[in-house]
**Student:** 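Dropping the structure in here first, questions after.
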Amino acid sequence: MILTVTPNPAVDHTIHFDEPLQTGVVHRTDDAVFTAGGKGINVAKYVSALDADATASGFLGGHFGKFVRDRLDADGIASDFVTIDADTRLNTTVLAEDGEYKLNHNGPQIRPADVDELVETAQANEPDTLLVGGSLPPGMSLSDVDRLARAGDWQIAVDMGGEYLAELDADYYVCKPNRSELAAATGRTVETEADAVEAAEELHARGFEYVLASLGADGALLVTDSEVLSAPALDVEVVDTVGAGDAVMSGFLAAREHGLSDADALRMGVLTAARVVGVAGTRVPHLEDVLTNEMHVEVTTVRTR
Ligand SMILES: O=P(O)(O)OC[C@@]1(O)O[C@H](CO)[C@@H](O)[C@@H]1O
């Protein structure tokens with residue numbers, strides 16, 4: 001079972017305008033979607049839709065926390081959250097004619113006792129894989145993530161920002177940086193595929209067994225102990241990119257739960273992302289054909305190591 005820990009969940013509010021945003025103007029629209037979000041929660045939703053066993057955990061509080069919990073229950077996603085005495089945040093994505101605006105709140109204050117309860121919750125669930133996804137709310141530190149990594153007999157995956165990846169200390173199973181996170185984690189300039197390979201290999205050498213780099217329109221890379229694999233992005237219609245990185249991680253983890261190879265895990269990550277960018281916000285698209293690879297993704301070996 002995969003336990004996903006979202007230290008900083010959110011109600012994701014995705015709102016769409018057919019005009020550019022302007023200051024001093026009240027923009028109005030009928031097109032708004034509210035979903036339960038936060039990177040780990042998204043992974044639990046997508047992994048469950050890929051027929052793998054997942055439970056969502058993390059911190060929830062207040063009305064938005066209740067919204068997230070109720071929405072997961074309604075969608076049949078197993079969950080085991082720590083209730084906090086503060087309000088879960090609301091994150092807004094504005095899709096306007098002039099682009100995609102992401103407005104994220106830093107989140108509620110977490111107390112040391114909340115972190116202790118989170119560690120106990122993780123231990124009680126006895127997952128094979130524990131994923132920590134997204135930003136850390138005020139009061140939670142990277143040493144708490146290392147503590148979670150070491151608190152049980154699980155492999156630990158992280159879907160966190162590059163500045164976080166640079167500081168983590170424990171041994172990790174897999175991380176999933178995007179291009180700017182690769183740069184932030186390594187201090188390198190990451191423009192070409194060769195730059196991305198070198199930065200991902202550096203992270204691998206620092207203790208990440210797998211480095212799954214999502215490169216947007218340039219697809220994704222997977223660095224393993226023995227090779228570097230590459231998969232192109234699919235040519236699909238993009239509604240918005242929210243959740244795309246979480247989808248790459250979800251495809252990878254679900255494939256591993258299904259006992260698939262490294263190449264198939266990379267393939268399933270790219271396929272899942274291709275579906276997720278086609279729906280608004282972090283709604284779960286239909287993913288049945290991802291399991292059967294009907295969209296066909298060609299994985300190539302960039303180099304053996
Ligand atoms: O502020 P963070 O934790 O870095 O990111 C949170 C978030 O923007 O990421 C997800 C998409 O990846 C959304 O569901 C969520 O609102």
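Each ligand, and each atom within it, is numbered from 1 in the order the structure gives.
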**Student:** Checking a contact table here: which protein heavy atom is nearest atom 8 (O) of ligand 1, and how many Å away?
**Tutor:** Asn104 ND2, 3.0 Å
**Student:** Can you tell which of Ser135, Pro7, Ala10 gets a heavy atom nearest to atom 4 (O) of ligand 1?
**Tutor:** Ser135
**Student:** Just jot down the ligand 1 atoms closer than 4.0 angstrom to any heavy atom of Gly37, in number order.
**Tutor:** 14 (O)
**Student:** Minimum heavy-atom separation for Met249 to Ala157, with atom names?
**Tutor:** CE-CB, 4.0 Å
**Student:** Hey, are Lys66 and Asp73 close enough for a salt bridge, meaning a charged N less than 4.0 Å from a carboxylate O?
**Tutor:** no
**Student:** Counting neighbours of NE2 on His63 that are heavy atoms of other residues, nucleotides or ligands and sit closer than 6.0 Å, is the number greater than 12?
**Tutor:** no
**Student:** Please report which non-hydrogen protein atom sits nearest to atom 10 (C) of ligand 1, along with the residue it belongs to and the distance in Å to one decimal place.
**Tutor:** Asn42 ND2, 3.5 Å
**Student:** Got a sec: does the CG of Asp85 have more than 12 other heavy atoms crowding it under 6.0 Å?
**Tutor:** no
**Student:** Looking only at heavy atoms, is any part of Arg89 under 4.0 Å from ligand 1, and if so is it the side chain, the backbone, or both, or is it neither?
**Tutor:** side chain
**Student:** In terms of atom number and element, which parts of ligand 1 are under 4.0 angstrom from non-hydrogen atoms of Gly134?
**Tutor:** 3 (O)
**Student:** Have a look at Phe81 and tell me which of Thr55, Thr121, Val5, Ile41 forms a side-chain contact (heavy atoms from CB on, under 4.5 Å) with it.
**Tutor:** Ile41
**Student:** Which of the atoms in ligand 1, numbered in the order shown and given with their element, are less than 4.0 Å from a heavy-atom of Asp246?
**Tutor:** 10 (C), 11 (C), 12 (O)
**Student:** What pair of heavy atoms forms the shortest contact from Tyr46 to Gly243, and how long is it?
**Tutor:** CE1-O, 3.8 Å
**Student:** Ligand 1 versus Thr35, non-hydrogen atoms closer than 4.0 Å: side chain, backbone, both, neither?
**Tutor:** neither
**Student:** Compute the minimum heavy-atom distance from Gly245 to ligand 1 and say whether it is under 4.0 Å.
**Tutor:** no
**Student:** Between Lys39 and ligand 1, is there a nitrogen or oxygen pair with a distance under 3.5 Å?
**Tutor:** yes
**Student:** Is there a donor in the side chain of Ser135 and an acceptor in the side chain of Asn8, or the other way round, less than 3.5 Å apart?
**Tutor:** yes
**Student:** Does an N or O anywhere in Thr282 fall below 3.5 Å from an N or O of ligand 1?
**Tutor:** no
**Student:** Within the 4.0 Å heavy-atom shell around Asn91, which atoms of ligand 1 are there?
**Tutor:** 6 (C), 15 (C), 16 (O)
**Student:** Under a 3.5 Å threshold, yes or no: a donor from one side chain and an acceptor from the other, between Asn178 and Ser180?
**Tutor:** yes
**Student:** List ligand 1 atoms under 4.0 Å from Asp12, heavy atoms only on the residue side.
**Tutor:** 13 (C), 14 (O), 15 (C), 16 (O)
**Student:** Are any of the N/O atoms in Gly38 less than 3.5 Å from those in ligand 1?
**Tutor:** yes
**Student:** Applying salt bridge (Lys or Arg N to Asp or Glu O under 4.0 Å) as the test, list every pair that has at least one member in residues 238-258; sequence neighbours left out.
**Tutor:** Arg256-Asp262
